Protein chains: 2
Amino acid sequence: MNTPDESLQDEAARAGWLYYVGGKTQDQIAVELGVSRQRAQRLVSRAMAEGLVHVRLEHKITACLELEAALARRFDLCEVRVAPGLGAGGDPNRAIAATAASVMEKYLRRTDPLVIAVGTGRALRASIDEIAPLIADQHRLVSLIGNIAPDGSATHFDVIVRLSDRVRALHFPMSVPVLSDTAAERALFQRLRTTKIVFELAQSADVTFVGVGQMTDDAPLRVDGFKTTDEMTDLRSAGATGEIAGWVFDAHGTYLDYESNARVGSVRVEAGRTAPTIGIAAGATKVRAIRAALTGRILNGLITDEPTAQALLSE
Amino acid sequence: MNTPDESLQDEAARAGWLYYVGGKTQDQIAVELGVSRQRAQRLVSRAMAEGLVHVRLEHKITACLELEAALARRFDLCEVRVAPGLGAGGDPNRAIAATAASVMEKYLRRTDPLVIAVGTGRALRASIDEIAPLIADQHRLVSLIGNIAPDGSATHFDVIVRLSDRVRALHFPMSVPVLSDTAAERALFQRLRTTKIVFELAQSADVTFVGVGQMTDDAPLRVDGFKTTDEMTDLRSAGATGEIAGWVFDAHGTYLDYESNARVGSVRVEAGRTAPTIGIAAGATKVRAIRAALTGRILNGLITDEPTAQALLSE
DNA sequence: CTAGTGTGCGGGCATTTGCCCACTACATGA
DNA sequence: TCATGTAGTGGGCAAATGCCCGCACACTAG
């Protein structure tokens, strides 16, 4: 009746429960479940790895609160969250994921139906993995960005599918190439009725969550194979400072009239929106890009970590 | 500017963050914060002790789901949650606290204003300590039970104050003796306008959370000094099986016409309510009391643990 | 039937953690 | 001024934990 995988998850969940909630040692758990200590240990760490057990900190560190206030003032933001940093070795996406998840949950829990637009990116991906499963089928989730990768696959950019899996909401992925070969090809996709619907929905979103890409050599655009190192150099010399949903902007947060901006298969997040438009991004190399997006009012909300917040504020 | 206590909490929170979210060792945290490892260890455990860090399990164990379904069918309940047991040594209240907290949070997060009535008891107390601080000032919290202890103090029964501290909701404690000396004294209190308001509010509550007291020698009534062992024996021989908010009922869940029921300073939870009326209780000695309350339809919801659920179902 | 592959298990060990204890710094009051 | 108390600190050590490694069992291709 149970698949082996399910009963394994059950066992892992039980071990995690006894360990984290019950405060028992792995030895005691092993005895209780009738397994070896080693298995108990594996179950506990599996419970953690599979995200069965969620840890959340319920205390706003004063230093972070001050940074939030300073950021809100400096860039006139409607929603700011600063997560404590994880120090030198830590992954900044990891640091902000739990915090971003709690902000997203805040919107998901609203009882009035919302249109929630999401972009892509590693930070966003890490964040939705931290969202507690909940039923939020009153909302509509819409993707800002195409889900067809250059090689035809869609797996790497399925942020919205993962999210809707978690919250059972109706979702509208965008069946458009992330980057068309020509502007004409993009125009073709844009004329499709289904694409139009998704575009209009995304543009009228009640709240938008996006990652922010930088233009340094560790840029997502380059790492994910959309640009070569040479192309990145060209972009930089043309003034490119950052990118949101594939649309490249300069140091003032003004979108560039650049060739490839005519081929990206995504909704451009326009500056000066009044609905919450929240960037989820952290890391030293992203600072300039984030500052540009905030300055140009492409974003009116930000979730970041402590060192990034400090860097954003120090001129 | 910071009180020493605040900055200590900040430090503890930061240490807890690095430990639980960042996955660092206490040594690394010690280096990062510039303190000794021992202090880092103390900060981490303080973060846990002060409830700064919350752990919650996001996986329903199949066995518990089955017990929930069986309980809902058997007793026709609108809300059932079964937490995994904590084994022989564990405190059942501890086991159900996290689960109860998440149910209470579900109601607290509702955007429409609710009247939420709460009783008292150890299980309830443990549960509200697990509730994540959130702003829920749209609701009104009302106490079902008086807050004046026999010795005049009020500290031991301040469940509602703790809860409203956490969620910032308007609260209505009941300034009435838990147990008056005479029925006449109680009548006096009942005639007070403020008491009447609280009574009416509590009786019209949209959702009610109560503990369930047993009549065995470890009964809360006896442990807290309201009854002697002899009185308990009398009660039992009169058919008393359990107690909710101080009102004693028999094995069928029918309230007894017992002398001290005329002196308790609390709102009687009437049988057959349609609004969710949820018992939070677990433990082998409470099984008969819980079953009676469910049978008599004093409760139409239950949060308990696995062994208790099993015992309730086995006739 | 057999060798190859791979997945999971328990043994054992280095690292990490929790906690007792003696010590110090500071406050309080005779 | 000095005894006394209290809170916090680090040393040290036993217990708990994480992890590597060799082994066994199952499944597969030849």
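These figures come from a predicted structure and were not determined experimentally. In what follows, chains carry the letters A, B, and so on, assigned in the order in which the sequence lines appear, proteins first and then strands, with residues in each chain numbered from 1.
As rounded to whole Å, 11 Å separates atom C1' of dT16(C) from atom CD of Q41(B). Here dG18(D) presents its C1' atom at 18 Å from NZ of K24(B), a figure rounded to the nearest Å. One can place CZ of R39(A) at 18 Å from C1' of dT17(D), the figure rounded to the nearest angstrom. With rounding to whole Å, M48(B) atom CE is found 17 Å from dC19(C) atom C1'. Taking atom CZ of R46(B) as the reference point, atom P of dC19(C) lies 15 Å away to the nearest angstrom. Distance, L33(A) CG to dC9(C) P: 13 Å, rounded to whole Å. Nucleotide dT17(D) holds its P atom 12 Å from the OH atom of Y20(B), rounded to whole Å.
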* Show your reasoning for whether side-chain contact (heavy atoms from CB on, under 4.5 Å) applies to V53(A) and V55(B). => CA-CA 7 Å; V53(A) 46; V55(B) 179; 3.3 Å; yes
* **From CA spacing to verdict: side-chain contact (heavy atoms from CB on, under 4.5 Å), F209(B), I280(B)** => CA-CA 7 Å; F209(B) 294 97; I280(B) 300 178; 4.0 Å; yes
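A salt bridge is absent between D305(A) and K286(A): the closest approach of a Lys/Arg side-chain nitrogen to an acidic carboxylate oxygen does not fall below 4.0 angstrom.
Contact annotation: Q26(A) side-chain N/O to dA16(D) OP1/OP2 distance is not under 4.0 Å. When the side-chain nitrogen and oxygen atoms of Y19(A) are compared with OP1 and OP2 of dA16(D), none of them lie within a distance under 4.0 Å. Here S36(B) reaches the OP1 or OP2 of dG10(D): one of its side-chain N or O atoms lies under 4.0 Å away.
Put simply, the side chain of R166(A) does not reach to within 4.5 Å of the side chain of E58(B), judged on heavy atoms.
When the nearest nucleotides of DNA chain D are assigned to Q38(B) and R42(A) by heavy-atom distance, the more 5′-ward of the two goes with Q38(B).
Closest approach to the R37(A) side chain among dC20(C), dT17(D), dT16(C) is made by dT17(D) (side chain taken as heavy atoms from C-beta onward).
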